[in-house]
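Let me begin by presenting the structure, written as structure tokens, before commenting on it.
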Protein chains: 2
Amino acid sequence: MPRDGDTRDCAPPGGEPARPGRRLDRSRDADILDATLAVLVDVGFARLTMDMVAARAKAGKATLYRRWPSKSELVIDAVAHMKRGQVDLGRLPDTGSLRDDLLGLFTPQSAEEDERRLKVMAGLASLLAQDRALADAGVAAIVQPWVEAHRVLMRRAADRGEIPATADIDTLSQVIPSLAAYRALVQRKPFDRDFLVSMVDGVVLPALRNAPPLAAGHAP
Amino acid sequence: MPRDGDTRDCAPPGGEPARPGRRLDRSRDADILDATLAVLVDVGFARLTMDMVAARAKAGKATLYRRWPSKSELVIDAVAHMKRGQVDLGRLPDTGSLRDDLLGLFTPQSAEEDERRLKVMAGLASLLAQDRALADAGVAAIVQPWVEAHRVLMRRAADRGEIPATADIDTLSQVIPSLAAYRALVQRKPFDRDFLVSMVDGVVLPALRNAPPLAAGHAP
DNA sequence: ACGTTCCGGTACCACAGGGTTCCGGTACGT
DNA sequence: ACGTACCGGAACCCTGTGGTACCGGAACGT
């Protein structure tokens, strides 16, 4: 959350207010947040220093502290800033086949983006154990939208009868995102299409088609 | 790995050698390692200080450095030390039913142990992104034996015809450990029996029974 | 031109924590 | 008793880093 002191208060929509000596300056925030994410990807939160961020953003350390009160706040803001460009729940694939829908979430361009997101997640790993707020922010920004997308696709498939209505969608929609996160965080192997196909055909689809009638459905 | 200098070289099996001024001292190592694990569980690797470990073990910091060359080595040793008491691959449940075997891995006494292991894993999270060796040691000590146990149980079930021979065991044996690790690390929810049952009945067993004939089997 | 306002860079401070050293104490074997 | 060898505790050094103060300069409006 950018500091609301100084001169950078929320200008009402409609371009820069005519303040004297005012630079464009609005795009600097994004540059700095991107630089923060880049450093975070490279070295993780613990080894991230404000000097690295400043150097990467070609900014002065003072500028960082002028806008964010601390390292933590800067990183939180950077992670939140990453949400932009996330999977758009309104524009999900809808091919009539659940398998194609699921694989359709993985476009070549989204691949590198996902990889990046998971690396950010890995960079945040140190905080999962100590800063609950930041960890939750990271999860909400990175994994949750993905789970939501899976849930929608599976729900549709159930509605059109492609999979049994008894399928435990709440559980199974978390499987692939969880496994992907685990693979990226712990195993440090790439999340590629082969892996996705293996998960879809080997785990999720078989489980969905073979839903047990008595499943009590504990959402994880 | 305890430093091999000083006087604590590998005494050949057969009790304490009669060295003058020698205390029992053999149990101190275990105490220190346990203390290290306890602190690791509490605050994670980043916030773990040698003073904390020394205080917890009622030992002096000097003693720690007399035996381990650095903080990293101490923690690695502590994690490896945790392997002791791990699932014994020789004494796995064998009820004739894969479901009962899988659920049988989860005994009330093992529950708290697993919880502890996963907390250690969470404490190591900071290192997953930076110290590959330590991260791998943690994974090998905590998750891998569990995967192995699942693989054995599934292999047996396939051999006796309970599940199709085409089932992708290499992939599916990783599912529950991965999901459990994800749940503990990222979601910070407890790994309880309800969750396990949900995973076994909702994901793994349906997927095993409904193995597609053409599965190319990409082990994750 | 000129002042205003912000910016980037640098030097600096404070402090936490890893690692080292030293010392008095204590249990053991002799 | 006495020496030995290790132990626990505490003081200490040193580096890295978060955070601050300050300066010259560049853009913009007037």
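In what follows, every chain begins at residue 1, and chains take the letters A, B, ... in the order their sequences are listed.
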Report summary line: Considering only heavy side-chain atoms of B/Ser70, the closest of D/dC7, C/dG19, D/dG18 is C/dG19

Requested in this report: Classify the nucleic acid contact of A/Ala62 as base, sugar-phosphate or nothing, counting any heavy atom under 4.0 Å across all strands shown.
Outcome: base

**Report entry** Closest listed nucleotide, where the reference is the side chain of B/Lys71 and the choices are D/dG18, C/dG18, D/dA21
**Finding:** C/dG18

Query - Whole-Å distance separating the CZ atom of B/Arg67 from the C1' atom of D/dA5 - result: 13 Å

Query raised in the report: Considering only heavy atoms and no angle criterion, is a donor-acceptor pair shorter than 3.5 Å present between the side chain of A/Lys61 and the base of C/dG8?
Result: no

Report task. Please determine if B/Lys71 forms a cation-pi arrangement with B/Phe45, meaning its NZ or CZ atom is less than 6.0 Å from the six-membered ring centre and no more than 45° off the ring axis. Result -> yes

Query raised in the report: Would you say B/Ser178's side chain and B/Gln174's backbone share a donor-acceptor pair under 3.5 angstrom?
Result: yes

**Report entry** Over all atoms of both residues, closest heavy-atom pair of A/Ala35 and A/Ala57
**Finding:** CB-CB, 3.6 Å

Query raised in the report: Within this structure, what is the CG-to-P distance between A/Leu64 and C/dC7, rounded to whole angstrom?
Result: 11 Å

Query raised in the report: Checking all strands, does A/Leu48 fall into the base, sugar-phosphate, or nothing category for heavy-atom contacts under 4.0 angstrom?
Result: sugar-phosphate

Requested in this report: Specify the separation, in whole Å, of atom CE of A/Met50 and atom C1' of C/dG8.
Outcome: 15 Å

Requested in this report: Specify the separation, in whole Å, of atom CD of B/Glu73 and atom P of C/dG18.
Outcome: 15 Å

Query - Side-chain heavy-atom pair B/Thr49, B/Val53 within 4.5 angstrom cut-off - result: no

Report task. Before accepting this row, confirm whether a basic side-chain N of the pair A/Asp51/A/Arg56 lies closer than 4.0 Å to the acidic partner's carboxylate O. Result -> no

Report summary line: The nucleotide from C/dC22, C/dG18, D/dG18 with an atom nearest the side chain of B/Thr49 is C/dG18

Query raised in the report: Can you check whether A/Tyr65 has a side-chain N or O nearer than 4.0 Å to OP1 or OP2 of D/dT20?
Result: no

Query raised in the report: NA contact type, B/Leu74, heavy-atom cut-off 4.0 Å: base, sugar-phosphate, or nothing?
Result: nothing

Query raised in the report: On a plain distance test, is the side chain of B/Arg66 in donor-acceptor contact with the base of D/dG8 below 3.5 Å?
Result: yes

Report summary line: B/Asp51 atom CG is separated from C/dG18 atom C1', nearest whole Å, by 9 Å

Query raised in the report: Are A/Thr63 and C/dG8 close enough that a side-chain N or O sits under 4.0 Å from OP1 or OP2?
Result: yes

Query raised in the report: So which one's nearest nucleotide on DNA chain D is more toward 5', A/Met52 or B/Ala54?
Result: B/Ala54

